[in-house]
Amino acid sequence: MSENELEARRTRLTELRERGVDPYPARVGPFVPVEDIHAEYGEKTEEELEAAAPPAAAVGRVRAVRSFGKLVFVGIEQDGVALQLSARKTEVPEDLFAAIKGLDVGDFVRAEGTLWRTKRGELTLSVASLDMLSKSLRPLPEKWHGLQDVEARFRQRYLDLLSNPEARRIAIARSRIVSACRSYLDRDGFLEVETPALQPLYGGAAARPFVTHHNVLDQQLYLRISDELYLKRLVIGGLDRVYEIAHNFRNEGVSRKHNPEFTLLEAYQAYGDYRDMMALAQGLIREVAESVHGGLVFESQGHTLDLSGEWREVSMRDAIREETGIDVLEARDLESLRNAAKQAGVEPGSAPTWGVMVDDLFSEHVEPGLIQPTFVTQHPTELSPLAKRSSEDPRVVERFELYLAGMELANAFSELNDPLDQRGRMEDQQALEAAGDEEAQPLDEDFLRALEHGMPPTGGIGIGIDRLVRVLLDTPSIREVILFPHLRSEAGT
RNA sequence: GGGCCGCUAGCUCAAUGGCAGAGCAGAGGGCUUUUAACCCUUUGGUUCUGGGUUCGAAUCCCAGGCGGCCCA
């Protein structure tokens, strides 16, 4: 009889039920994690195990069935750790032997028996009883090559995790990196908080939002592009050190550097400024890198990155001037900046405003070359509507962006706490929006009211977690570090 | 948004205008130390979709879908 695999597995499922076996039982009998079994018996010799015949019970997913005539080996895996099961036809009841031979790759089982070591030296559980824990109806990807199809890896990440060790390694490492960030901030007296993802008005970053609608309130809502304005409200409310690790949503392109939904760590420290945030960024990123690499020098994106020593600091003005010869603070409007670019032999592009053009010049000519950790400081005020002006030069703000491996990893400033200046900046943003800047920030009366009540001098920082993970784990695309990256819908679904 | 590349069995891949194939997985058989087990037999196809060219299309052309890379 010829059957396809799905049918064959469904048939075996039916047979289990006919024999009175629940293929999806509610409870699991006692067991010891496979990892612990190896820890306890991994060093025992063949003879020691034979003498003691230690009893053990394990659970896991069937990854291989190797059947001989009167002997069968089954490889199971629990949470990434493998254990071999065995059964001899001459030593176990007939129905148990049949049940073991009838296992499919992908089934979950619990096995009880005694441990022994094979001629090849593998610790093996000789099965005396077997419970089906969950019957699998679909085959896993091919055991040797794993799942190669990139689209399938993202759409069915569970298969990627099961068959590609690298996917599992990245998922676990990402989780540990986020834990390390939390641990650093918690130790430094920061309080982890949660603020709304659904916001009546978006703000805190230059980006276009996703728009949604609340039916009962008949209210337009935005998915947050940042949690900045809410975290500042908390500082105003007397929570001096707060942070949030949040998903933000920005309605823009999808690429190997961008996912529309991404993770940002934002932290705010009352009575601090952007210099304190520099120290925080350096301390946190160094500690996290140590936890991943055991040191501060590592390979990433084809470069050897060195996080030790003093990190370079350069003003945005100097950085652009070094690469292009253009002094953006000497060309204060769009027209003269375009002329300055032409004079310098630089394509002026089609930016709608002066600020956007400065940003474009930086992104194109400076950013890709910032490989080693670099603080870029003193951004033009027009580009930074939420940052405090520099006391030395009101044309620029107290701000830095941290670059590593050609990517922006963090953005921080001395937060603007002058409510009148803040109102003026938001009004300027309205003018920029009118001039065609689609990422200009809206005027937020509710936030301004909060500021008018008084906010202490505050330093704030945002760190892109996906990018940090990508740099530390050296993956070519942000999609490798996001478990379920955004994809178009499959045809027909 | 543009350019280039890809999409073939559940998975990994062949077939460069002339019979759609292999390995793994599945089914049947054999096998008491395997671990990518092995040996024999064998099932399985909307070749992404829809048009077109041709005696004949997985292959060439057009449109679309999804993905990748590069660019914007």
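We name chains A, B, ... by the order of the sequence lines, and we start the count at 1 in each one.
The pairing partner recorded for B:rU12 is B:rA22, the criterion being a Watson-Crick or G-U wobble arrangement whose two distances lie under 3.5 angstrom. Taking a pair to require two hydrogen-bonding distances under 3.5 Å in either a Watson-Crick or a G-U wobble arrangement, B:rG6 pairs with B:rC66. When both distances must be under 3.5 Å, the Watson-Crick or G-U wobble mate of B:rG44 does not exist. Using the Watson-Crick or G-U wobble rule with both distances under 3.5 Å, B:rC60 pairs with B:rG52. Across the strands present, B:rC31 finds no partner; the criterion is a Watson-Crick or G-U wobble pair with both atom distances under 3.5 angstrom.
Among the heavy atoms of the strands, none lies under 4.0 Å from A:S86. Using a 4.0 Å heavy-atom cutoff across all strands shown, A:D104 reaches no nucleic acid atom at all. A:R117 comes within 4.0 angstrom of no nucleic acid atom, judged by non-hydrogen atoms across all strands. Using a 4.0 Å heavy-atom cutoff across all strands shown, A:S67 reaches at least one base atom of the nucleic acid. Residue contacts shown for A:G146 are limited to sugar-phosphate atoms, with no base heavy atom under 4.0 Å away. Base engagement by A:Q84 is indicated by at least one non-hydrogen atom pair under 4.0 Å involving a base atom.
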Under 3.5 Å, which protein N or O atoms sit close to an N or O of nucleotides 68-71 of chain B? Give each pair with its distance.
{"residue": "B:rG68", "atom": "OP1", "partner": "A:R479", "partner atom": "NH1", "Å": "2.0"}
{"residue": "B:rG68", "atom": "OP2", "partner": "A:R479", "partner atom": "NH1", "Å": "3.3"}
{"residue": "B:rC70", "atom": "OP2", "partner": "A:R256", "partner atom": "NH1", "Å": "3.4"}

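Under the 4.0 Å criterion applied to side-chain N and carboxylate O atoms, A:R250 and A:E439 are not assigned as salt-bridge partners. Contact check on A:E7 versus A:R10 returns no salt bridge, with no Lys/Arg side-chain nitrogen under 4.0 Å from an Asp/Glu carboxylate oxygen. Under the 4.0 Å criterion applied to side-chain N and carboxylate O atoms, A:R153 and A:E480 are assigned as salt-bridge partners.
The A:D149 side chain lies nearest to B:rU12 when the options are B:rC66, B:rU12, B:rU32. Comparing atom distances between the A:E142 side chain and each of B:rG23, B:rU32, B:rU35 picks out B:rG23 as nearest. Closest contact between the side chain of A:T90 and the listed nucleotides B:rC31, B:rA36, B:rU32 involves B:rU32. When distances are taken from the side chain of A:R155 to each of B:rG67, B:rA36, B:rU12, the shortest belongs to B:rG67. Closest to the side chain of A:T118, out of B:rA25, B:rA27, B:rU33, is B:rU33. For A:A8, taking side-chain heavy atoms from C-beta onward, the closest of the listed nucleotides B:rU34, B:rG67, B:rG26 is B:rG26.
A sub-4.0 Å separation between OP1 or OP2 of B:rA37 and a side-chain N or O of A:R66 is present. Under 4.0 angstrom from either OP1 or OP2 of B:rG67 there lies at least one side-chain N or O belonging to A:R488. Within the structure, a side-chain polar atom (N or O) of A:K143 is placed less than 4.0 Å from OP1 or OP2 of B:rA25. Distances shown here put a side-chain N or O of A:R12 below 4.0 Å from the OP1 or OP2 atom of B:rA27. Within the 4.0 Å cut-off from OP1 or OP2 of B:rU34, at least one side-chain nitrogen or oxygen of A:R120 is found.
Shown here for A:L123 and A:G42, the closest heavy-atom pair between the two residues is CD2-N, 4.4 Å. Residue A:D227 comes nearest to A:A246 through the heavy atom pair OD2-CB, 3.5 Å, listed as atom of the first residue, atom of the second, then distance.
Judged as a side chain to side chain contact (heavy atoms under 4.5 Å, CB included), and not counting sequence neighbours, the contacts of A:H365 are A:E323, A:T324, A:V346, A:L361.
Judged by ring centres under 5.5 Å apart and planes tilted less than 30 degrees, A:F68 fails to stack against the six-membered base ring of B:rU32.
By the 4.5 Å heavy-atom criterion applied to side chains, A:L404 and A:L307 are counted as neighbours. Within the 4.5 Å cutoff, the side chain of A:Q378 has no heavy atoms near those of the A:R317 side chain. In this structure the side chain of A:L370 never reaches within 4.5 angstrom of the side chain of A:E401, judged on heavy atoms.
As rounded to whole Å, 10 Å separates atom P of B:rA25 from atom CD of A:E5.
The base of B:rU34 has none of its N or O atoms less than 3.5 Å from a complementary donor or acceptor on the side chain of A:E122. At a cut-off of 3.5 angstrom, counting only N and O atoms as typed in the model, there is a donor on one side and an acceptor on the other between the side-chain of A:R88 and the base of B:rU32.
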